[in-house]
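The structure appears right after this line, and notes come after that.
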Amino acid sequence: MVANYDEVMKLALERGFYFPSCEIYADAPAGFWEYGPTGVNMKNKFVELWRRELVRRDGMMEIDGCQIMSKSVFVASGHIGNFTDPILRCTKCNSTFRADRYVTEKTGENVPERMADEEINALVKKYNLRCPNCKSEFGGVSRFNMMFRVGIGPAAEEAYLRPETCQTIFVDFARVFKTMRGRLPLGVAQVGKSFRNEIAPRQSLLRLREFYQAEIEVFCNPSRLDELPKFEEIKDTILRLSDGSSITEATAEEAVRKGLIPNKLVAYYLALLIEFYDKTGVDVRRSRYRRLSDDEKAFYASIAFDFEVETSIGWLELVACNYRSDYDLKGHGTTSKQNLEVVDPTDQTKVLPHVFELSMGIDRSIYTILEHCYYEDEKHDDRVVLGLKPYLAPVLVGILPLMTKDGLGEKARKIHSDLKLDFDTFYDESGSIGRRYRRLEEVGAPFAITIDQTTMQDDTVTVRHRDTMQQERVKTSELRQYMNNALAARN
RNA sequence: GCGACGGUCGUCCAGUUUGGUCUAGGACAUCAGAUUGCCAAUCUGGUAACCCGGGUUCAAAUCCCGGCCGUCGCACCA
């Protein structure tokens, strides 16, 4: 049986994957969650897999930038202008509306988002617009900014928590490219936190105000988007493409040839990404790249595919894949008065690189992996199993003496101390052996080592497999190699 | 932010209608001990909760007000 949101939530709370922040206080705000011991372990392993399958595989460079950035950064990025929505608020019942949309809808007048507050106020007065809920008057237009503003130093200089990690990549681009001897196309990657003051955060890890992103910005020469030798590596990888209704399967090569994807560079990274997700344990047969229409796209994107996965609560966006053109470097170049062009060594011409990004939501990915890996095994008392890949499991192996007497406990502790520095192990000698197996299954431990009487005679233990419940005997001297082999099996 | 509904041990639920029997009960989980010795066994004992703040009352888990959180709907969603 497959999982739903509530079951994953329950498991997450009971087994220490994640839980609400500041929960012992009554004024804990919504939209903030923390990872517990099992969750942070799994998240670390997820990020390490991301490094392996994307950053190292493609020869990207990783940076770690600041979360607080100056106002100018967001003037250049467009977030100051595009993140402030005009809001109309009822003076009586406090209902709030997007001012531009509401006024347009009621009056038919063209009200752009950037229209001055006074002009919108004038329209409200002219048409005598009132709150549709209680018929009371509106207060004047105010502005809601989704960025968290912070004040730096005693003078409280205006700055913001970054709403997406990639802005640090853009502002650092010139130095990284120069000092690290970069060549286009060049991927620059970053893992870190971003902050958005969501109006209505919901559903635990799925809509947070403070959240983790793993972002990759590929800087490229826009005139060479189809000159990509490494495209050969992934040309046969199957991509599932969607316009929102039907899904078309095509190899990367076919997708480019048929124009489903605009160029080889975009197709290459979409293929890398799907190969990565396949290794996380997400069921990629339930995924799609959905091409966004113009009115769905972010303000900086010219072409956008959302990588979406089907979950118990519907299609969930895990990665935004945006072709941002030169929007960002142009903005930062103009605002900072720096020249951010680089030389393409192929023909020694100067070019302002374009950017294709893979903006991954880590928290949503963690949730999706948990949901796709969770199952109840009807054949065995509906045991709850988290079928995590060995290299993502918070506990790789449980070490369990069948009983503590006759020296089995000592032997088990010895085996445990031989393994615990190199593997995520869990030692447990309490209660029945069956109960201990079940507990391990719930945190996704793929293996359990059991020390029994035979161990005392021939120095072998049983290794039990989580999914099949089958056991095999392994020499204690070979356990280390056994576990290493299991970890290395990333398909 | 608005509206509807909700919030009791780690989890799920009883108790709230009609205030007192609640020093808050059960199941599962968890901890200690006994027993068993390869798949959530059994026995004994323990830990553990009324979301927060006010109010009404002799008396509040229960009624009232405010806040916070959650679910759903609306709106929003880079």
Side-chain angles (χ1 to χ4, degrees), chain A residues 5-7 9-16 19-32 36 74 77-79 81-83 85 87-90 92-98 101-102 105 131-134 142 144 146-147 162-167 194-204 206-209 213 215 292 296-301 304 306 313 317 320 322 324 327 357 359 361 377 379-384 400-406 408 429-442 448-454 461-462 464 466 469-471:
Chain A
Y5 175 83
D6 290 333
E7 287 161 340
M9 192 66 230
K10 185 178 173 194
L11 182 75
L13 288 170
E14 286 187 345
R15 295 296 174 194
F19 44 84
S21 180
C22 310
E23 62 179 334
I24 63 171
Y25 285 101
D27 64 349
F32 297 92
F74 302 110
S77 71
H79 286 91
N82 290 289
F83 253 31
D85 295 335
I87 295 279
L88 273 176
R89 191 183 299 270
C90 172
K92 196 165 181 185
C93 73
N94 252 349
S95 296
T96 49
F97 302 88
R98 269 289 291 270
R101 298 190 186 196
Y102 187 76
E105 180 193 325
C131 170
N133 294 341
C134 71
S142 59
F144 178 74
M146 298 265 289
M147 285 195 295
R162 60 185 179 189
E164 49 180 8
T165 54
C166 60
Q167 290 307 323
S194 291
F195 304 82
R196 295 177 191 177
N197 200 0
E198 293 281 354
I199 297 173
R202 245 164 230 196
Q203 287 169 317
S204 61
L206 305 186
R207 194 117 147 254
L208 295 161
R209 289 185 164 129
Q213 289 185 302
E215 291 199 301
L292 270 49
E296 283 182 299
K297 288 187 303 199
F299 59 87
Y300 47 66
D306 274 356
I313 52 169
E317 176 195 338
N322 296 306
R324 300 174 73 126
Y327 178 90
E357 77 169 354
S359 175
D377 183 356
K379 292 201 182 85
H380 299 99
D381 311 318
D382 293 329
R383 65 184 182 130
V384 170
L400 319 172
L402 196 55
M403 53 191 185
T404 50
K405 58 190 181 190
D406 298 339
L408 296 192
E429 61 179 31
S430 72
S432 73
I433 192 72
R435 176 176 296 280
R436 285 178 270 163
Y437 288 146
R438 297 292 159 90
R439 269 197 293 253
L440 286 166
E441 288 160 356
E442 285 197 17
I449 289 173
T450 307
I451 288 82
D452 57 16
Q453 288 87 349
T454 311
V461 295
T462 64
R464 174 186 184 271
R466 173 194 64 206
M469 297 170 65
Q470 299 294 309
Q471 290 177 289

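Below, chain A is the first sequence line, B the second, and so on; all start at residue 1.
- Ion pairing between a basic and an acidic side chain is recognised when a charged N comes within 4.0 Å of a carboxylate O; A:Arg162 and A:Glu215 show no such pairing.
- Using a 4.5 Å cut-off on side-chain heavy atoms (C-beta onward), A:Arg436 and A:Thr450 make no contact.
- Between the C1' atoms of B:rG3 and B:rC13, the separation comes to 28 Å (whole Å).
- Take the nearest nucleotide of RNA chain B for A:Leu13 and for A:Asn322: the residue whose nucleotide is more 5' is A:Leu13.
- Across all strands shown, B:rU21 has no partner, as no Watson-Crick or G-U wobble contact with both distances under 3.5 Å is found.
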* To do: Start with the C-alpha distance between A:Tyr437 and A:Arg466, add both sets of side-chain angles, then the distance that settles side-chain contact (heavy atoms from CB on, under 4.5 Å), and finish with yes or no.
  => CA-CA 8 Å; A:Tyr437 288 146; A:Arg466 173 194 64 206; over 6 Å; no

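- A:Arg439 comes within 4.0 angstrom of the backbone, heavy atoms only, and of no base.
- The interatomic distance linking A:Leu11 (CG) with B:rC28 (C1') rounds to 15 Å, in whole Å.
- Here the side chain of A:Glu429 pairs no donor or acceptor atom with the backbone of A:Pro401 at under 3.5 angstrom.
- Between A:Ser432 and the phosphate of B:rA41, there is a side-chain N or O to OP1/OP2 separation shorter than 4.0 Å.
- The nearest whole Å value for the distance from the CZ atom in A:Arg207 to the C1' atom in B:rA78 is 12 Å.
- Nucleotide B:rG73 has B:rC2 as its partner under the Watson-Crick or G-U criteria, with both atom distances under 3.5 Å.
- Between B:rC50 and B:rU57, the two P atoms lie 25 Å apart (nearest whole Å).
- Distance noted for atom P between B:rG15 and B:rU62: 15 Å (whole Å).
- Separation of the C1' atoms belonging to B:rG25 and B:rG67 is 30 Å when rounded to the nearest angstrom.
- Across B:rA78, B:rG37, B:rA29, the shortest atom-to-atom separation from the side chain of A:Arg435 is found for B:rA29.
- Distance A:Asp377 CG to B:rA40 P: 13 Å, rounded to the nearest Å.
- When the P atom of B:rC76 is taken as reference, atom CE of A:Met147 falls 20 Å away, rounded to whole Å.
- In this structure B:rU36 sits in no base pair that meets the Watson-Crick or G-U test at under 3.5 Å.
- Taking the C1' atoms as reference points, B:rC51 lies 16 Å from B:rA60, given to the whole Å.
- B:rU11 atom P lies 7 Å from atom CD of A:Glu14, rounded to whole Å.
- The main-chain N or O of A:Thr454 is found under 3.5 Å from a side-chain atom of A:Asp452 such that the two form a donor-acceptor pair.
- Judged by distance alone, the side chain of A:Tyr327 and the main-chain N or O of A:Ser77 form a donor-acceptor pair under 3.5 Å.
- Using a 4.5 Å cut-off on side-chain heavy atoms (C-beta onward), A:Pro20 and A:Leu13 make contact.
- Side-chain atoms of A:Arg383 and base atoms of B:rC39 include no donor and acceptor less than 3.5 Å apart.
- Among the heavy atoms of the strands lying under 4.0 Å from A:Leu402 is at least one base atom, whether or not backbone atoms are also near.
- Here the nucleotide nearest the side chain of A:Ile433, chosen from B:rC38, B:rG10, B:rA40, is B:rC38.
- For A:Arg209 (side chain) and A:Glu198 (main-chain N/O), a donor-acceptor pair under 3.5 Å exists by modelled atom type.
- Residue A:Asp452 places its side chain closer to B:rC38 than to any other of B:rU11, B:rC39, B:rC38.
- Residue A:Ser359 is classed as having no contact, given no heavy-atom separation below 4.0 Å to the nucleic acid.
- Nearest-nucleotide positions on RNA chain B place A:Asp382 closer to the 5' end than the other of A:Asp382 and A:Ala320.
- Base pairing of B:rA61: no nucleotide in any strand meets the Watson-Crick or G-U wobble criterion (both distances under 3.5 Å).
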Between the protein and nucleotides 67-71 of chain B, list every N/O to N/O distance that falls short of 3.5 Å.
| unit_1 | atom_1 | unit_2 | atom_2 | d |
| --- | --- | --- | --- | --- |
| B:rC68 | O2' | A:Ala26 | O | 2.3 |
| B:rC69 | OP1 | A:Ala30 | N | 2.9 |
| B:rU71 | OP1 | A:Gln203 | N | 3.4 |

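- As judged by a 4.0 angstrom heavy-atom cut-off over every strand, A:Glu442 is placed among the base-contacting residues.
- A:Asp381 contributes no side-chain N or O that, together with a main-chain N or O of A:Arg383, makes up a donor-acceptor pair within less than 3.5 Å.
- To the nearest whole angstrom, the two P atoms, one in B:rU11 and one in B:rG70, are 15 Å apart.
- Among the nucleotides B:rA40, B:rC76, B:rA78, the one closest to the side chain of A:Arg196 is B:rA78.
- Remark: C1' of B:rG1 and CG of A:Asn197 are 12 Å apart, rounded to the nearest angstrom.
- Between A:Leu408 atom CG and B:rG37 atom C1' there is a gap of 10 Å when expressed in whole angstrom units.
- Nucleotides B:rG10 and B:rA48, compared at atom P, are 10 Å apart to the nearest Å.
- Remark: A:Glu7 does not engage A:Lys10 in a salt bridge, criterion side-chain N to carboxylate O under 4.0 Å.
- Whole-Å rounding puts the A:Phe74 CZ to B:rA78 P distance at 17 Å.
- Nucleotides B:rA32 and B:rA41, compared at atom P, are 16 Å apart to the nearest Å.
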